Amino acid sequence: MEKLLSTLVENNVKYAVEGKVASYIPELNKADSMSLGICVTTLDGEEHCAGKYEEKFTIQSISKVITLMLAILDNGRENVFKKVGMEPTADAFNSIINLETKNPHRPLNPMINSGAIATVSLIEGENRDKIFERILKFTRKITGNPEINIDEDVYNSERKTGDRNRALAYFMKSTGIIDGDVEEVLDVYFKQCSIKANCRDISRIGAVLANNGVLPWNGERVIPGYVARIVKTIMVTCGMYDASGDIAVNVGVPCKSGVGGGILAAVPMRMGIGVFGPALDTKGNSIAGVKILEELSKELDLSIF
Ligand code: GLN
């Protein structure tokens, strides 16, 4: 497996030159655009990695998977999906247009920024620190890594420049999707996006989802099977934004990307995959990361379809 993964890294790293590292969050622009790494965690607990798999990056939108799990655990599925839809979109991840034009005025799904901000507003906790503490604790649990923390520089960069996200959040406050203090909600959202991880951590989250909510390394159930199922389904239809259909055809497994260059994939009953390649395509997905997943899926016949 290591051999296969190393070959795939070698074959696909060239695609990185066709992409661009995110710069709208200035701190992200410091990443080495030619990095590419991958880890696979199988359900019997084996881990296989290749390339720059130890490099740390901020998980960005991959965090939306984590907060969706917590929001459903706290509120139940009905209450979450009253505030945010389950439908894919052909617009960009930070698009605002549908919030006004669609009726009801709720975000289309929890994987785009508006939907993730609405989702995190539902997580329980006395104040922003307590809410974020719960997110961090849960992330440490599902990665089996007690050292997971945030990247303070990315967090500050994101907070300073997050005006588009502020616009989305204030709009949602005006339509009653968000209750409470918008700045508190945004602060938690900026922090969840700034959580730092590597490919191994991400592949473990994928393995927990692939294993229907049970940690493969010790058999502990952390979420009910139905929550894992909902999250994986939404990842297939919405996780790669307006490229989700393309990825469903060419990779065929639930995936979630982040603008830090990470991709989380969960292959039901088989494995979790974590990929890192910070050069992005025009839709905000890791360009070499998508290519390596396509090739791995072909090699191991991973498509669920
Ligand atoms: N923090 C990023 C943002 O809010 C997350 C977006 C992403 O990873 N696609 O813009």
Side-chain angles (χ1 to χ4, degrees), residues 19-31 56-68 84 88-99 107-121 132 135-136 139 150-172 178 182-197 201-202 205 234-235 237-244 246-247 255-265 274-287 289-290:
K20 268 207 184 99
V21 176
S23 56
Y24 77 102
I25 300 170
E27 198 61 29
L28 293 183
N29 205 19
K30 294 183 178 164
K56 290 198 175 131
F57 52 92
T58 53
I59 65 173
Q60 297 295 330
S61 285
I62 296 173
S63 66
K64 295 168 180 172
V65 167
I66 300 168
T67 44
L68 179 59
V84 52
T89 167
D91 297 307
F93 65 81
N94 57 2
S95 176
I96 197 163
I97 185 164
N98 290 309
L99 285 182
L108 278 168
N109 69 68
M111 300 287 115
I112 51 176
N113 289 13
S114 53
I117 295 167
T119 303
V120 75
S121 78
F132 184 68
I135 296 171
L136 193 59
T139 308
I150 68 165
D151 182 318
E152 293 283 344
D153 295 331
V154 173
Y155 163 62
N156 285 321
S157 185
E158 188 136 4
R159 202 162 44 115
K160 271 190 215 133
T161 58
D163 296 316
R164 172 71 73 113
N165 289 322
R166 284 198 177 83
L168 296 170
Y170 279 100
F171 191 88
M172 288 190 286
I178 291 183
V182 177
E183 287 302 327
E184 294 257 318
V185 174
L186 283 164
D187 191 58
V188 180
Y189 174 75
F190 294 141
K191 276 199 176 135
Q192 72 175 72
C193 290
S194 308
I195 290 174
K196 231 178 352 184
D201 301 316
I202 299 299
I205 302 175
I234 297 215
M235 284 167 70
T237 53
C238 313
M240 303 296 277
Y241 317 116
D242 43 337
S244 298
D246 184 321
I247 307 293
C255 290
K256 181 75 205 86
S257 60
V259 289
I263 304 178
L264 156 73
V275 176
F276 170 60
L280 307 179
D281 61 22
T282 51
K283 301 195 165 167
N285 298 321
S286 169
I287 195 160
V290 167

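Nothing here was measured: the structure is a model prediction, and the numbers come from that model. Computation of the quantities below employed the complete heavy-atom set of this structure, encompassing side-chain atoms and omitting hydrogens, waters and symmetry-equivalent molecules. For ligands, and for the atoms within them, numbers begin at 1 and follow the listed sequence.
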Partner of Ile195 under side-chain contact (heavy atoms from CB on, under 4.5 Å), picked from Asp151, Ile135, Thr58, is Ile135
Under 4.0 Å from ligand 1, residues with heavy atoms, in chain and number order, are Tyr24, Ile25, Gln60, Ser61, Phe93, Asn113, Glu158, Asn165, Tyr189, Cys193, Tyr241, Gly258, Val259
Review point. Can we say Glu158 and Lys191 salt-bridge, meaning some charged N sits less than 4.0 Å from an Asp/Glu carboxylate O?
Key: no
Has the side chain of Asn156 got a donor or acceptor atom that lies under 3.5 Å from a matching backbone atom of Glu152? yes
Would a distance-only check, ignoring hydrogens and angles, find a side-chain to backbone donor-acceptor pair under 3.5 Å from Thr67 to Val120? no
_If we count only N and O atoms by modelled type, under 3.5 Å, do the side chains of Ser157 and Glu27 hold a donor and an acceptor together?_
no
| Any side-chain donor-acceptor pair under 3.5 Å between Lys160 and Tyr155? | no
